[in-house]
Structures are given as structure tokens and as C-alpha cells.
Amino acid sequence: MSRVALKGINKIYPGRGGRPDAHAVKDLDLVIEDGSLVTLLGPSGCGKTTTLRMLAGFEIPTTGQILIDDRDITTTPVNKRGIGMVFQSYALFPHMSVRENVAFGLKVLALSSAEVERKVDDILKVMDLSKLAERQPSQLSGGQQQRVALARTVVTEPRVLLFDEPLSNLDAQLRERMRDELRLLQQRLGITSLYVTHDQNEAMAISDRVVVMRDGIIEQDDAPNNIYARPTTAFVADFMGKANIIKVRAERVAADHIVAQIGGGSVELPTNGLELKEGDLIDYVIRPEQMLISGDGPVSSVIERVVYQGAYTEYQVSIDGQACTVVDYRHHMHDARPVGARLPIDLASSVPWPLAPAEAGA
Ligand SMILES: Nc1ncnc2c1ncn2[C@@H]1O[C@H](COP(=O)(O)OP(=O)(O)OP(=O)(O)O)[C@@H](O)[C@H]1O
Ligand SMILES: [Mg+2]
């Protein structure tokens with residue numbers, strides 16, 4: 001059982017040589033439930049690595065508290081925290097076999113050689129590495145090396161695993177395979193994990209929760225599907241793939257929806273519990289694939305650009321002068337649509353997501 005809690009964390013790197021202080025992490029509260037994998041996601045410099053390094057013990061928070069299972073480890077030395085780390089470069093020892101590399105992780109613990117052998121054999125089996133045990137790293141594929149690096153960390157039975165962009169050195173295909181494999185292993189071992197990446201798809205694919213950061217602050221901490229489909233800020237909507245943010249004037253406000261005119265048609269849009277009133281101008285987030293192209297769709301758009309993408313065709317359209325992206329996955333079923341043509345859109349089955357009015361125009 002290992003539950004991690006970061007409470008009220010601030011990290012200020014003091015400025016040197018006239019440079020100002022860097023407030024890298026601001027009032028951060030974060031919980032990683034036992035056995036779950038939480039990903040920190042965000043643009044370069046938003047504080048991901050700093051947060052990870054504070055949990056690992058390489059940095060001490062300026063203020064705040066870090067707990068593992070309610071034990072305060074804020075200032076506990078790195079090697080006393082029971083934390084394992086997997087880095088971007090695997091840092092395997094080139095002159096050692098796979099077995100020796102994995103056993104190396106156990107060197108610091110006072111174990112008999114029989115115990116070491118048993119633990120190493122077990123983990124090699126779990127990681128599907130038994131057949132490769134006598135090879136050297138140079139005789140392994142990138143994915144296999146990655147697995148050895150993970151085995152070397154996991155064999156020490158850490159209570160918490162930390163990953164800082166562990167897949168960013170791999171090519172796209174291997175990256176996807178390793179990502180799925182990593183997630184399967186993490187779930188099978190049930191190790192509480194914090195994962196850092198700036199790849200949105202990777203974050204959504206492997207996480208129980210995704211924490212989107214910006215300038216040291218948590219913008220949204222949520223399940224992957226909510227981060228994508230129900231973003232709470234324009235930043236999150238934009239950062240997580242293509243998002244149409246359409247300004248809509250509320251004509252009528254009912255208990256849980258508003259009625260508005262978009263593209264010459266009348267549509268109902270959810271309020272998501274926001275206090276809206278007649279006449280409010282609201283930003284709605286609608287993903288391209290949620291804008292269904294349909295002959296009797298009430299929303300009229302005009303095609304301004306057509307981009308063929310193989311699996312789908314992407315249309316840049318204008319709705320009441322607002323630029324939007326629409327994708328057509330059924331483009332093989334009909335003739336190509338030309339620039340200037342009217343594209344009718346149905347929003348009925350989509351989940352347009354309103355941003356709180358304070359965010360409008362952000
Ligand atoms: N040792 C340090 N001294 C001073 N400033 C630092 C130090 N480490 C990081 N920073 C600053 O703190 C902020 C957060 O850095 P951090 O490395 O946590 O970002 P990141 O989200 O991991 O970015 P990336 O995606 O580029 O790895 C940045 O503005 C960075 O310049
Ligand atoms: Mg980083």
C-alpha cells in the first residue's frame with residue numbers, strides 16, 4: 001500500500017548573478033492513490049520535472065509537505081524513500097549482462113547471493129527477459145533495453161515508481177508498444193507511479209489521471225477522458241489536441257441547457273452546472289470529430305480549406321465567421337467536397353463543453 005500526497009508545495013529556485021528567482025511550482029496539491037498511475041503533462045518549463053524531483057528527494061520543497069502513506073518524507077534522504085526512478089536514458093552498464101544489470105539494483109541491499117538470484121530470476125520472468133539474461137545491452141533492441149532498465153528498478157521493490165519521459169528516445173512505433181507494455185506491467189505490479197511526459201497521447205493512453213500543468217500551476221487534474229472531452233480551461237482544451245472553441249450567445253437559459261443560434265440553426269447546449277443567464281457570451285469546446293457532417297444538420301458552415309489525411313479528410317470551415325476544424329472519417333463514401341461548399345453539421349450527439357465565463361477569450 002502506497003498512497004502519495006503532495007500538500008501545498010512551492011518550489012522557488014533562488015536567482016543567481018542578478019537573475020530573478022524562478023517560482024517553478026506554485027501551491028501544488030496532488031494525490032496519487034495506491035497502485036495508480038498519474039501523469040504530469042504540460043509544456044516545457046511548467047514544473048513537471050521539478051515536481052518529480054521533489055518526490056524523489058533530489059529537491060526539497062521551499063514550502064509544503066510530501067507524504068507516503070501519511071508518513072512525512074519531505075526531507076527524507078533519497079535512498080530512504082523507497083522510490084524507484086526510470087529515466088529517459090536507461091543508463092545500463094554496457095559491459096554487464098542483463099542479469100548483472102538487474103542484480104546491480106540489489107547491490108545496495110544486504111542480501112545473500114541466493115536471495116539476489118531468486119529475486120532477479122523472478123523479475124526477469126515477469127518482464128519476459130529470461131531468455132535474454134546472458135546478453136549485453138548492445139545486443140538488445142531499444143524496447144528490450146527499456147525493459148531491463150525497468151526490471152532493474154522494480155527488482156528493488158520500490159513503493160513508488162517515477163518516470164521522467166522514459167520513452168522520448170524511441171521511435172514512434174516502438175514508443176507506442178513500450179507505452180502499452182509499461183502500463184500493463186505497472187498495473188500487474190500495482191506500483192503507485194508518477195509519470196512525466198509532454199506527449200498528450202502518451203498521457204491519455206497510460207494514465208489513471210492526467211494532471212495538466214502550466215507555469216507551475218495545476219490547470220486540471222482529471223481522468224483522461226475528462227481532460228480531453230471536458231476541459232475546464234481554454235489552455236487545457238487547446239493543449240489536448242485540436243479543439244474548436246466557439247463563442248455562443250445564450251438566447252434562452254433552461255435548467256441544464258441553453259438555446260442558441262449557431263450557423264443559422266437553433267441548438268441546445270449543456271450548461272454543465274455553470275450559472276448562465278440570457279445574453280451571456282459563452283465559449284464552447286467542441287472537438288472536430290464531434291462535429292458530425294450530416295445532410296439535415298442545423299448548423300451551416302462553409303468550407304475554406306480541404307486537407308486530405310488518408311484515414312480522414314480535414315475541413316477548415318467557417319461558422320458565422322468563426323474558424324473551426326471538422327473531420328470526415330467517411331470520406332470514402334462520397335465525392336470530395338470543394339472549397340466554398342456548404343457543410344451542414346449536426347451537434348446533437350456531441351458534447352459541447354462550456355468554459356466558465358471568466359475563461360472566455362483566454
Ligand atoms: N536548478 C534550477 N535552477 C533554477 N531554475 C530551475 C532549475 N531547474 C528548473 N528551473 C526552472 O524551473 C522551471 C520548471 O522547470 P522544470 O524542469 O520542472 O520544467 P519541465 O516541466 O520539466 O520542462 P521540460 O518539459 O522542458 O522538461 C523552469 O522555468 C526552469 O527554468
Ligand atoms: Mg522536464
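Atoms within each ligand, like the ligands themselves, are counted from 1 in listed order. This one's a predicted model, so the numbers in the text were calculated from it and none came from an experiment.
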Is it true that the side chains of [X] and [Y] contain a donor and an acceptor less than 3.5 Å apart?
X: Q316; Y: E314; answer: yes
X: Y312; Y: E289; answer: no
X: H198; Y: E165; answer: yes
X: S294; Y: D296; answer: yes
X: T63; Y: N10; answer: yes

Can you pull out the closest protein heavy atom to [atom]? Residue, atom name and distance to 0.1 Å, please.
atom: atom 16 (P) of ligand 1; answer: T50 OG1, 3.6 Å
atom: atom 22 (O) of ligand 1; answer: T49 OG1, 2.8 Å
atom: atom 6 (C) of ligand 1; answer: Y13 CD1, 3.2 Å
atom: atom 29 (O) of ligand 1; answer: G45 O, 3.9 Å
atom: atom 12 (O) of ligand 1; answer: A24 CB, 3.3 Å

Task: atom 20 (P) of ligand 1 within contact range, any protein heavy atom under 4.0 Å - done: yes
TODO: Taking salt bridge (charged side-chain N to carboxylate O under 4.0 Å, His left out) as the test, write out the residues that go with R249, two or more places apart.
DONE: none
Open item on the list: Under 2.8 Å from the Mg ion (ligand 2) - does any N, O or S atom of T50 fall there?
Closed with: no
Open item on the list: For the aromatic rings, using the six-membered ring if either is Trp, is the centroid distance between Y13 and H23 under 6.0 Å?
Closed with: no
TODO: Provide the number and element of each atom of ligand 1 under 4.0 Å from a heavy atom of G47.
DONE: 14 (C), 18 (O), 19 (O), 20 (P), 21 (O)
Task: Contact check, G42 vs ligand 1, heavy-atom distance below 4.0 Å - done: no
TODO: Could you tell me which residues satisfy ring-ring contact (aromatic ring centres under 6.0 Å, His included) with Y228, sequence neighbours excluded, listed by chain and number?
DONE: none
Task: K48-ligand 1 polar pair, N/O distance under 3.5 Å - done: yes
Open item on the list: Can you confirm, on distance only, whether ligand 1 has an N/O atom lying under 3.5 Å from any N/O atom belonging to S44?
Closed with: yes
